[in-house]
Amino acid sequence: MHEFDSFDGAILIDKPAGPTSHDVVDAIRGQFRLKKVGHCGTLDPNATGLLIIVLGRGTKLSEKLMSSDKVYEGTIQFGETRDSYDAAGELVSSLPVPPITLAELNAAAATFVGDQMQMPPMVSAIKVKGVPLYKLARKGIEVERQPRLVHVYNFKFSDYHEPIGRFRVACTKGFYVRSLAHELGQKLGCGAFLATLRRVVSGKFDVADSIEFEKVLSLSSSELEKRVIPFLKLA
C-alpha cells in the first residue's frame with residue numbers, strides 16, 4: 001500500500017470571472033510543479049465560485065466528486081434572448097418584459113422543480129463525435145443534441161427589479177443553469193438570459209470554505225499543503 005502524499009487530495013478554489021476552469025488547473029499545476037491536477041465540474045469563464053481542484057491521487061476521485069448535487073446563485077435578465085443563453089452570447093431577440101411580480105416569477109420558477117429532460121445548449125463543452133459543441137457553435141453549425149435527465153430540487157427568486165431577477169437553484173450534476181434561464185424566458189414570452197452565475201455548494205463543500213484563486217497562487221508549497229483536504233477525507 002502506497003503512503004499518501006500530503007498533496008494527494010483537493011483544494012477548494014473561489015474562481016473569479018474570466019479564467020476558464022482549465023486555466024485554473026494549468027496555473028496551479030505550473031505554480032506548484034504538480035504532475036496531476038484536475039477539476040470537478042466546469043464553470044463557464046464568466047461564472048464565479050466553488051471549483052474543486054483535485055491533486056495527485058485525488059484526481060482518481062474526480063468522477064465521484066463531480067456527481068454531487070450543486071447549488072448556484074445568480075441573476076437572470078429578462079427581455080433579451082442570446083444564442084449562448086448567457087451574457088457572453090450574441091443578441092438574438094429583444095422583447096418587452098410583461099409586468100410581473102416576484103410572486104408571479106416564483107410561481108413560474110416552481111414549474112421547473114422536479115425531474116425534467118434538459119436540452120444542453122449548443123454553446124457547451126459536451127462532445128459530439130469528439131468535438132466540443134461550443135467549437136461547432138462558433139462556426140455556426142447546429143447539431144442534434146440528446147436531452148438529459150436532470151432534477152431541480154429548488155428554484156426561487158429572492159428579488160426582482162425589472163428586468164433583473166436574483167435567484168438560487170439547487171440541482172443535480174450536469175445541469176445547465178443557462179438553459180433554465182432561457183426556458184423561463186420562453187415561458188414568460190419575453191426571452192431571458194443568464195446574466196451572472198456563482199456556484200456556492202458542490203456536494204458537501206461550500207464556497208465559504210474556499211480560497212480565492214489569486215491568493216492560492218501567492219502561497220508557498222507548505223502553505224498550500226495546509227489547505228489540502230486529504231484523500232481519505234474525500235473518499
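Just so you know, residue 1 is the first one in the sequence shown, and it goes up from there. What you see is a predicted model, and the numbers here were worked out from it, not measured in a lab.
The two residues Ala87 and Ala195 come nearest to each other via the heavy atoms CB-O, 3.9 Å. Across Leu217 and Gln31, no two heavy atoms sit closer than the pair O-NE2, 3.1 Å. Here the closest non-hydrogen pair linking Val228 and Ser6 is CG1-O, 3.6 Å. In this structure, Pro16 and Glu214 approach most closely via the heavy-atom pair CG-OE2, 3.6 Å. Minimum interatomic distance between Thr81 and Gly191 (heavy atoms only, all atoms of both residues): OG1-CA, 3.5 Å. Heavy atoms only, all atoms of each residue included: Ile76 and Ala192 are closest at CG2-CB, 3.8 Å.
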Asp44/Lys15 under salt bridge (charged side-chain N to carboxylate O under 4.0 Å, His left out): CA gap, chis, key distance, verdict:
CA-CA 10 Å; Asp44 289 335; Lys15 186 186 98 63; over 6 Å; no

Worked check of side chain to side chain contact (heavy atoms under 4.5 Å, CB included) between Leu184 and Phe78
CA-CA 9 Å; Leu184 178 59; Phe78 297 92; 3.9 Å; yes

List the steps and the verdict of side chain to side chain contact (heavy atoms under 4.5 Å, CB included) for Val150 and Val152.
CA-CA 7 Å; Val150 290; Val152 175; 5.6 Å; no

For the pair Val200 and Arg168, evaluate side chain to side chain contact (heavy atoms under 4.5 Å, CB included) and give the outcome as yes or no after the intermediate values.
CA-CA 10 Å; Val200 289; Arg168 185 177 172 100; 4.0 Å; yes

Let me see the working for Arg227 and Lys215 under side chain to side chain contact (heavy atoms under 4.5 Å, CB included), right down to the final yes or no.
CA-CA 12 Å; Arg227 305 281 320 202; Lys215 217 178 224 177; over 6 Å; no

Does the pair Arg57 and Asp8 meet the rule for a salt bridge (charged side-chain N to carboxylate O under 4.0 Å, His left out), with working shown?
CA-CA 5 Å; Arg57 267 187 281 173; Asp8 288 332; 3.6 Å; yes

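Between Ile52 and His39 there is no side-chain heavy-atom pair separated by less than 4.5 Å. Within the 4.5 Å cutoff, side-chain heavy atoms of Pro45 are placed close to those of Thr20. With contacts defined as side-chain heavy-atom distances shorter than 4.5 Å, the pair Asp86/Leu197 does not qualify.
Note on Leu188: it does not cluster hydrophobically with Leu95, by side-chain heavy-atom contacts below 4.5 Å among ILVMFWY residues. Grouping the Ile, Leu, Val, Met, Phe, Trp and Tyr side chains by contacts below 4.5 angstrom, directly or via other members, places Leu34 with Val24. In terms of hydrophobic clustering, with Ile, Leu, Val, Met, Phe, Trp and Tyr side chains grouped at heavy-atom distances under 4.5 Å, Val216 and Leu12 are assigned to different clusters. Transitive grouping of hydrophobic side chains (ILVMFWY, heavy atoms separated by less than 4.5 Å) brings Phe213 and Leu55 into a common cluster. Under the 4.5 Å side-chain heavy-atom criterion for Ile, Leu, Val, Met, Phe, Trp and Tyr, Val169 and Tyr176 are members of distinct hydrophobic clusters.
The main-chain N or O of Met66 is found under 3.5 Å from a side-chain atom of Lys70 such that the two form a donor-acceptor pair. No donor-acceptor pair under 3.5 Å is formed between the side chain of Asp26 and the backbone N or O of Asp23. With Arg199 contributing its side chain and Leu50 its backbone, the two residues share a donor-acceptor pair below 3.5 Å. With Thr172 contributing its side chain and His151 its backbone, the two residues share a donor-acceptor pair below 3.5 Å. Listed for the Ser202 side chain is no donor-acceptor partner under 3.5 Å among the backbone atoms of Phe205. A donor-acceptor contact shorter than 3.5 Å is absent between the side chain of Gln118 and the backbone of Phe175. Side-chain atoms of Ser21 do not come within 3.5 Å of backbone N or O of Thr42 as any donor-acceptor pair.
Interatomic distance, Thr48 OG1 to Arg198 CZ, rounded to the nearest 0.5 Å: 4.0 Å. For the atom pair CZ of Arg178 and CG of Asn46, the computed distance is 10.0 Å after rounding to the nearest 0.5 Å. Rounding to the nearest 0.5 angstrom, the gap separating the CZ atom in Phe7 from the CG atom in Leu224 is 5.0 Å. From Lys156, atom NZ reaches atom CZ of Arg166 across 16.0 Å, with rounding to the nearest 0.5 Å. Atom-to-atom distance recorded for Lys135:NZ and Lys127:NZ is 8.0 Å, nearest 0.5 angstrom. Note that CG of Asp83 is 9.0 Å distant from CG of Leu91, once rounded to the nearest 0.5 Å.
Sparse packing is recorded around CD of Glu90, with 12 or fewer heavy atoms of other residues, nucleotides or ligands lying under 6.0 Å away.
Between Phe157 and Phe155, the distance separating the two ring centers is shorter than 6.0 angstrom.
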